[in-house]
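In the text below, chain A, chain B and the rest are named by the order of the sequence lines, each starting its count at 1. Predicted model only: the values in this text are computed from it and were never measured.
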There are 2 protein chains.
Amino acid sequence: MELNERKTKILEAIIRNYLESGDPVGSRTLSRYLDIKLSPATIRNEMSDLEEMGYILQPHTSSGRIPSDKGYRFYVDSMMADREKEVSDMHEMVVEKAEELSGLLKQVAKLLADNTNYAALISSPQLHRNKLKFLQLSKVDDGNILAVIVVEGNIIKNKMIEVSEPMDDDTLLKLNLLLNTHLNGLSLEEINLGLITLIKERAGIHSDVIASVRDAVADAIRADEDLEIYTSGANNIFKYPELADNEKASSIISTFEEKNELGQLINESLSRDREKKNGEKTGIQVYIGNESPIESMKDCSVVTATYELGDNMKGMMSIIGPKRMDYEKVAHALKTLQEQLDVLYKK
Amino acid sequence: MELNERKTKILEAIIRNYLESGDPVGSRTLSRYLDIKLSPATIRNEMSDLEEMGYILQPHTSSGRIPSDKGYRFYVDSMMADREKEVSDMHEMVVEKAEELSGLLKQVAKLLADNTNYAALISSPQLHRNKLKFLQLSKVDDGNILAVIVVEGNIIKNKMIEVSEPMDDDTLLKLNLLLNTHLNGLSLEEINLGLITLIKERAGIHSDVIASVRDAVADAIRADEDLEIYTSGANNIFKYPELADNEKASSIISTFEEKNELGQLINESLSRDREKKNGEKTGIQVYIGNESPIESMKDCSVVTATYELGDNMKGMMSIIGPKRMDYEKVAHALKTLQEQLDVLYKK
DNA sequence: TATTAGCACTCAAATTAAACGAGTGCTAAC
DNA sequence: GTTAGCACTCGTTTAATTTGAGTGCTAATA
């Protein structure tokens, strides 16, 4: 079946309506709401089709329809394609330059949460150096091997690795080749996987050296140590009945308080952003329901945006709310702050 | 009416029972539960008295009784008097020395929350200097007055105050006397009040100088700048139906996230602790319901304990839960960690 | 062939009613 | 002073009923 123009219109009407009301929407309502004149019966037929195609679903027989994740996805994608609808009812959001970075970030998180009525978070900016560019092991003396590691952004790290027995030049050469072909261009997570296969292939060969190499690379890449996350408006989720029952609220709140799970979201979002650097440039990602990397947010939508402070510092901010959030407003809020942060720290 | 032994026993039985079950407790239940043999009818009479005295109350006519804030207060006070009941069902709580102080504090907060099943928080330790000890203004030259401020812990601060017109020695002497008699021994909050009366009395006299003095004193006293608060287990409140409804949960969660209101609690608790340094020495405070300095916690009980790291660093940790929390267990948990922190950083 | 009116049917949510039961206060007897 | 007895209260539970928004299907219509 094909998603023709009329079906598209109806689908959009369903979603728009549901975003506003939060109630399942039925054929009568749509008949009134649509600009094309169609009887409820006709719309019912179309809705039946749309349901079969997976865009909408019924909470129970004889109720109206609500968008499925697929439906939301369709909506968000087509919304993102239409450039810049103007969003009206939002206060001007103005970031004031703060003395402390932490103050600034707290401010941004609060602005986001207060203006959108969803939960918000922002990460401290991270040095942009997540991929391995080059790796060289050199024999310094019989007991020591020097590892030189270059990561994206041309940051160079040195690490001396002690070995129990000397390694001959030939082996070292091979090992260098092996490591470079396997690991170059990989991020930390991928390197762990890469090393596992590597060790499996060359089982037993200098596996202690390889472990040391991994540690050294991890040190060089990881900037996690100084990752701070500021949250605001977690209690906003209580405004949305579909998230406000104890079970769900508790797990969301807990994720917000623990913060370490949020780290995953940040990494995921930052690395996704890096990948499609060329194409779109807004750096806004939408995760709907199960698309989210965080388990406890499977009933939410998560909208993230990266921001840049000065030259090489990238961070992430995010809005978390119900699936039926006002995506336009949220995207707009994120973009606004993105730009402001950009300008604020431009020297 | 007097709270005789029998009434006391019945009151305690009511409270103990309610702490366990969370349900209003009636005369039949008590009759079975009590060791002295009394018929439900007799107990009803006593309960009626206890209600009149304000220790217990009825959620509605013809329901059992629950403790009032006054009842809880009685219970907690008498409990605190009995030294050290052993508490059984708690895992060993072991704090591991961490590299970073923040890591340590996060760990402690988590231990507290996980072991008690309530919400927990801990503040970073503050330098113990909250009261003004001595204040001296000296004329340096016609345009400048030097303020020397000594606060508790013998920390000395100097501040140069510019004056538009020179002040003669006599006035300065008077002002010194006035300031010292009014402000010595006061904490920051009290100083603000003290200054207001002072200014009222001596209206107009060098009020700009007085304002500068206040700022200088505030600078010297306030250590708030580096106050960090770590929380854990905020979601535990969902385990207690009396706190889990959206309204209450939302405001508690919000307080936990914003953190600045928690600062009040910390100051209040630290300064109370300082006052009764001599008498009790456990440093454990219990705030029941409205006794709490934080508005949003009026349906909770808050138990706080101070801890000392090394020589002059004092911090506060706290457990927040329903009024019917297990006070013994909580007090025990706090004491355990108090001791551990004490030992851990003893040089 | 696409659209629509009509109608029987479904089902969550709201409303009402009845039964239950834990608990009380009061009185009179022990 | 203590207790048994009893009528009464009132929140909770359960079931029955009503309501209403919405559906799918069929047959008539354009």
Can you classify the ring geometry of B:Tyr55 versus B:Phe74 as parallel (below 30°), tilted (30 to 60°) or perpendicular (above 60°)? perpendicular
Between C:dC26, D:dT23, D:dG24, which one does the side chain of B:Arg44 approach most closely? C:dC26
Interatomic distance where CZ belongs to B:Arg65 and C1' belongs to C:dT24 [whole Å]: 7 Å
Residues A:Glu268, A:Arg272: salt bridge by 4.0 Å N-O rule: yes
Separation of C:dA5 atom P from A:Leu38 atom CG, nearest Å, is 11 Å
With a 3.5 Å cut-off and heavy atoms only, can you find an N or O donor on one side and an acceptor on the other between the side chain of B:Arg28 and the base of C:dG23? no
Candidate nucleotides C:dT10, C:dA5, C:dT24, ranked by approach to the side chain of A:Ala41 - the nearest: C:dA5
Using heavy atoms to find the nearest nucleotide of DNA chain D for A:Asn45 and A:Pro24 separately, return the residue whose nucleotide is more 5′. A:Pro24
Starting from C1' on D:dA21, measure out to CD1 on A:Ile43 and report it in whole angstrom. 15 Å
What integer distance in Å separates A:Leu57:CG from D:dT23:C1'? 15 Å
When rounded to whole Å, the NE2 to C1' distance for the pair A:His60 and C:dA13 reads 9 Å
What's the closest nucleotide to the side chain of B:Thr61 if the choices are C:dA5, D:dC10, C:dT10? D:dC10
Counting only side-chain N and O atoms of A:Arg6, is one of them less than 4.0 Å from OP1 or OP2 of C:dT3? yes
C:dT24 OP1/OP2 closer than 4.0 Å to side-chain N/O of B:Ser27: yes
Rounded to the nearest angstrom, tell me the gap between atom CG in B:Leu30 and atom P in C:dA22. 15 Å
Could you check how far CG of B:Asp49 sits from C1' of C:dG25, rounded to whole Å? 13 Å
Looking for any heavy atom pair under 4.0 Å, which part of the strands does A:Thr42 touch: base, sugar-phosphate only, or nothing? base
Any chance CZ of A:Arg73 has more than 12 other-residue heavy atoms, nucleotides or ligands included, within less than 6.0 Å? yes
Which of these, A:Met47, A:Arg65, A:Lys9, sits in a side-chain contact (heavy atoms from CB on, under 4.5 Å) with A:Leu30? A:Met47
Within 6.0 angstrom of A:Lys7 NZ, more than 12 heavy atoms from elsewhere: yes
Between the base of C:dT10 and the side chain of A:Ser62, is there a donor-acceptor distance below 3.5 Å? yes
Take the protein atom CD1 of B:Ile36 and the nucleotide atom P of D:dT2, then report the distance between them rounded to whole Å. 10 Å
